[in-house]
Every structure is written in C-alpha cells, then in structure tokens.
J.: 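I have a structure I would like to understand better, so I am pasting it below and will then ask my questions one at a time.
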Amino acid sequence: MELGYACINLSLPDKTTNRTMRLATFKKQGLPYASKLALANVQDLVSIIEWNEQNNIRLFRMSSNIFPWQSAYELEELPDYLEIRATLEKAGALAAKYGHRITTHPGPYNVLSSPNKNVVDRTLRDLRDHAIIMDIMGLSNTPYNKINIHVGGVYGDKTKALETWCRNFELLPANVKSRLTIENDDKLSAFTTQDLLYIHKNTGIPIVFDYHHHSLNTGGLSEQEALEIACSTWGDITPACHVSEPRDTQNPRAHHDYILKKINTYNKNIDIVLECKKKDVALLHYRSLHNS
DNA sequence: CCAGGTCAAGGGAGT
DNA sequence: ACTCCCTTGACCTGG
C-alpha cells in the first residue's frame, strides 16, 4: 500500500505547480506569460517529486493547473515549449526511476453525462489536455496512472445520465480512455459505487472508491462491500482509493486538515490518496499516528 | 507588503 | 437570488 497526497506540497513553500492567472491577465499578457508560468510549474514539479522520494512518498496526484488556460492553445505554441517538454520528460523519468505512481484528477467541470454539447466538448478537451501532459511524462497508458473524474450531473434520471456518460466516453481519444477512472459521489442524489458498476460493465474502466464520499452516500452497501466492488474492477492494477475526513458536522462534505482515524483496508492491497487541507504534512502526521 | 475582494468552467444543495 | 462545495486557493488591486 502506498499513501499519497494531492497537488500541493506545504513542506516546500516556494515550490508550487499552481501558478495561474485570471482571464483579464491572459488577454493582456498572452502566451509568453502563460509559458513562463508553465515552465516554473513543471520545474517545481520536479522538485516535488524529488521531495516525495526523500520522504518515502510514492503516490502523488498532479495539479490540473500546471498550464494556465491550457484549453486556449496547444502546448507547442508556448515560447518555452522545448524546455517545458524536456522538464516534463525529466519529471516522468524521475517518477519511473523511483517507482512513483502519478495520477490526475480533472475538475468538476468535466461532465461526460451532460446533455449540453458544449459542456461535453469542453470536457473532451480538458481530458485530452491531461493525457497530453501524461504522455510527455511517459506515464503508462493504464489506470495505474489514472485520470479520475466523477460522472457529473444526474438531470433527474440517473440511468439516462449513465447511458449518456458511456456514449460520450466513446468520443475520447485512446490515451484518455485507457487511463480514465470513475469515482463515487458524496451526495445522496448522485452516483454510488454500485451505480458506477454500470459504467464499468459498459466501458471496462475501473472504479475509484472514496471512503468519505461513501459514508455520505452508501447506496445501502457497507464500506467493505463497496470497497470490494470497486477493487474487483481493477484487474492486475493496484486499486486507487481516496480517504478524507469531514471538516465538521456543519460542513460534512468539506475536508478536514488531517486524517486521524486509522484507515481500514480490509486486508486489500490498495493505494490511497489522502485528501485533506494539510497535504503532505497530514500524510507524515498520519504515518506518525499509525506507524504505516 | 498585506489584507481583502475577486475569480472560467457544471451541477446540486443549502440559505 | 446567492453562496458554498467539489479535484486544488491563487490573483490582483488598493491601501
């Protein structure tokens, strides 16, 4: 089992892969500035991977903000493209050398279940953009290096939304399809682990089990039952799961700073991304609590 | 330099 | 109608 964290390293305050800009700035400064930010982001990605190795962390979710306004251009158009590409290749080579599992989690605006063509088109573009970065890094074309998303909207008819999702899945390029995974939701109206089996059966892609989301939307399954269903969809690849704790009772969906409770893996070999505000600090804290 | 207001995107829930 | 929440707070302006 590997423990990992998401997107931000708090132990390296000067290193970030999230430099971005607002639309007004992008319009004013354009590709040269986007290029400058992206180059700094990928350089810091290398530093974070090195730090992860030094701290025995071999699972890491990359930020989706490495390239500001990526949907507005092709990477080759960036003035620093060659250096950016070389740096990404270096980051990927380091991850390979150290045996790190690198994943991504594109945002909630990726909605393959949408009845709106523009929304689906933007989703196809964003997912493609994630795959391009992962390709440059030389990450595997499998869910070991997952591109993980949620289903999206229900629109009052879960079955129909799932059908739409599967239909739109077929529009994705091969380098996305081969990496894509689907995660259970935390809202009662949305998709449970059981619901996601429909997608797995129709597309073959694995299910990412989120412990916290499950606790808010069990679909009548126990934690162990749902985890085992999700794990059964992964074949030879170590299943990836997400763990977080609620911020407080008023805000049960928001994430807590740390993970306090010991995670029950039910004797399964799974990799776990911790989702909490304190990131890498919380991971080291969890290890100190539970000696894992 | 810092605090505070503002910021692309979809959808749903709470106020 | 507005705010918060999710994959992740970061940007930018005015003082």
Side-chain angles (χ1 to χ4, degrees), chain A residues 4-10 13-29 33-34 36-38 40-41 44-45 48 59-73 102-127 129-130 133 146-158 161 164-165 168 180-191 208 210 212-213 216-217 240-244 246-257 273-282:
Chain A
Y5 65 100
C7 305
I8 293 169
N9 183 299
L10 297 178
D14 298 331
K15 305 293 182 185
T16 174
T17 62
N18 292 304
R19 296 174 186 84
T20 183
M21 62 185 141
R22 297 185 182 175
L23 179 56
T25 307
F26 183 52
K27 282 181 173 163
K28 242 179 284 173
Q29 311 223 43
Y33 188 49
K36 196 164 159 285
L37 295 177
N41 283 339
D44 285 355
L45 175 62
I48 290 172
L59 172 61
F60 180 62
R61 178 190 300 165
M62 286 197 290
S63 163
S64 294
N65 287 342
I66 294 174
F67 290 88
W69 298 98
Q70 188 178 359
S71 61
Y73 53 87
I102 305 285
T103 69
T104 61
H105 195 346
Y109 310 111
N110 288 276
V111 187
L112 285 181
S113 66
S114 179
N116 181 331
K117 183 173 188 303
N118 290 331
V119 172
V120 174
D121 284 346
R122 281 194 291 269
T123 299
L124 299 177
R125 169 74 198 225
D126 195 22
L127 295 178
D129 287 347
H130 280 77
I133 295 172
K146 68 187 156 82
I147 300 175
N148 177 58
I149 60 174
H150 290 261
V151 178
V154 175
Y155 316 102
D157 187 340
K158 239 184 211 184
T164 304
W165 198 99
N168 287 327
L180 204 63
T181 62
I182 195 78
E183 177 181 347
N184 59 310
D185 286 302
D186 57 3
K187 286 184 295 196
L188 290 172
S189 61
F191 300 91
V208 170
D210 185 307
H212 180 207
H213 294 171
L216 298 170
N217 182 25
C241 298
H242 298 169
V243 164
S244 54
R247 165 117 298 224
D248 50 51
T249 49
Q250 277 72 41
N251 257 323
R253 292 174 60 215
H255 290 163
H256 194 82
D257 284 351
V273 180
L274 304 183
E275 296 180 333
C276 39
K277 298 292 181 190
K278 295 295 185 187
K279 306 295 179 185
D280 53 302
V281 176

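Chain letters run A, B, ... following the sequence lines, proteins first and then strands; every chain starts at 1. Scope of the values below: all heavy atoms of this structure, side chains included, with no hydrogens, waters or symmetry mates.
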J.: Using atom P in both nucleotides, what's the gap between B/dA3 and C/dT7 to the nearest angstrom?
T.: 30 Å
J.: Could you state the NZ-C1' distance from A/Lys27 to B/dC7, rounded to the nearest angstrom?
T.: 13 Å
J.: OP1 or OP2 of C/dT8 versus the side-chain N and O atoms of A/Lys277: is any pair under 4.0 Å?
T.: no
J.: Answer yes or no: does a side-chain N or O of A/His255 lie under 4.0 Å from OP1 or OP2 of C/dT8?
T.: yes
J.: Please report the shortest heavy-atom distance between A/Lys187 and A/Asn217, naming the atom on each side.
T.: O-ND2, 2.9 Å
J.: Quick one: stems involving DNA chain B, counted as three or more successive Watson-Crick or G-U pairs, both distances short of 3.5 Å.
T.: B:1-7 with C:9-15, B:10-15 with C:1-6
J.: Is A/His213 close enough to C/dT7 that one of its side-chain N or O atoms is under 4.0 Å from OP1 or OP2 there?
T.: yes
J.: With P as the reference atom in both, quote the distance from C/dT8 to C/dT13 in angstrom, rounded to an integer.
T.: 28 Å
J.: If you look at every heavy atom in A/Glu275 and A/Asp210, which pair is closest and at what distance?
T.: OE1-OD2, 3.4 Å
J.: Expressed as a whole number of Å, how far does the C1' atom of C/dC2 sit from that of B/dT6?
T.: 16 Å
J.: What is the distance, rounded to the nearest whole Å, between atom CD1 of A/Ile182 and atom P of C/dT7?
T.: 12 Å
J.: Can you tell me the distance, in whole Å, between the CG atom of A/Asp210 and the P atom of C/dT7?
T.: 7 Å
J.: Using whole Å, what does the distance between atom C1' of nucleotide C/dC5 and atom CG of A/Asp185 come to?
T.: 12 Å
J.: The test is side chain to side chain contact (heavy atoms under 4.5 Å, CB included); show your working for A/Arg61 and A/His242 and say whether it passes.
T.: CA-CA 11 Å; A/Arg61 178 190 300 165; A/His242 298 169; 3.3 Å; yes
J.: Under 4.0 Å from OP1 or OP2 of C/dT7: is there any side-chain N or O of A/His150 that close?
T.: yes
J.: Give the ring-plane orientation class for A/Tyr73 versus A/Phe26, where under 30° counts as parallel, over 60° as perpendicular and anything between as tilted.
T.: tilted
J.: Between A/Arg61 and C/dT8, is there a contact of a side-chain N or O with OP1 or OP2 at under 4.0 Å?
T.: yes
J.: Specify the separation, in whole Å, of atom NE2 of A/His212 and atom C1' of C/dC6.
T.: 11 Å
J.: Can A/Asp129 and A/Arg125 be counted as an ion pair, charged N to O under 4.0 angstrom?
T.: yes
J.: Answer yes or no: are there more than 12 heavy-atom neighbours, outside A/Lys158 itself, under 6.0 Å from its atom NZ?
T.: yes
J.: What string of B, S and - do you get for nucleotides 8-15 of chain B 5' to 3' if you count protein non-hydrogen atoms under 4.0 Å?
T.: BBBBSS--
J.: Between A/Arg19 and A/Gly107, name the one whose nearest nucleotide on DNA chain C is closer to the 5' end.
T.: A/Gly107
J.: Specify the separation, in whole Å, of atom CG of A/Asn41 and atom P of C/dA10.
T.: 11 Å
J.: Figure out the CZ/C1' separation between A/Phe191 and C/dC6, and round it to whole Å.
T.: 15 Å
J.: Rounded to whole Å, please give me the gap between CG in A/Asn9 and P in C/dG9.
T.: 14 Å
J.: What verdict does the side chain to side chain contact (heavy atoms under 4.5 Å, CB included) test give for A/Lys36 and A/Arg19, after you've listed the backbone C-alpha separation in whole Å, the side-chain angles of each residue and the deciding distance to 0.1 Å?
T.: CA-CA 10 Å; A/Lys36 196 164 159 285; A/Arg19 296 174 186 84; over 6 Å; no
J.: Determine whether A/Asp257 and A/Lys277 make a side-chain contact, defined as any pair of heavy atoms from C-beta on separated by less than 4.5 Å.
T.: yes
J.: Say we look at B/dC7 and C/dT3: how far apart would their C1' atoms be, to the nearest angstrom?
T.: 15 Å
J.: Side-chain donor-acceptor pair under 3.5 Å between A/Thr181 and A/Asn148, yes or no?
T.: yes
J.: Does the gap between the ring centers of A/His150 and A/His105 come in under 6.0 Å?
T.: yes
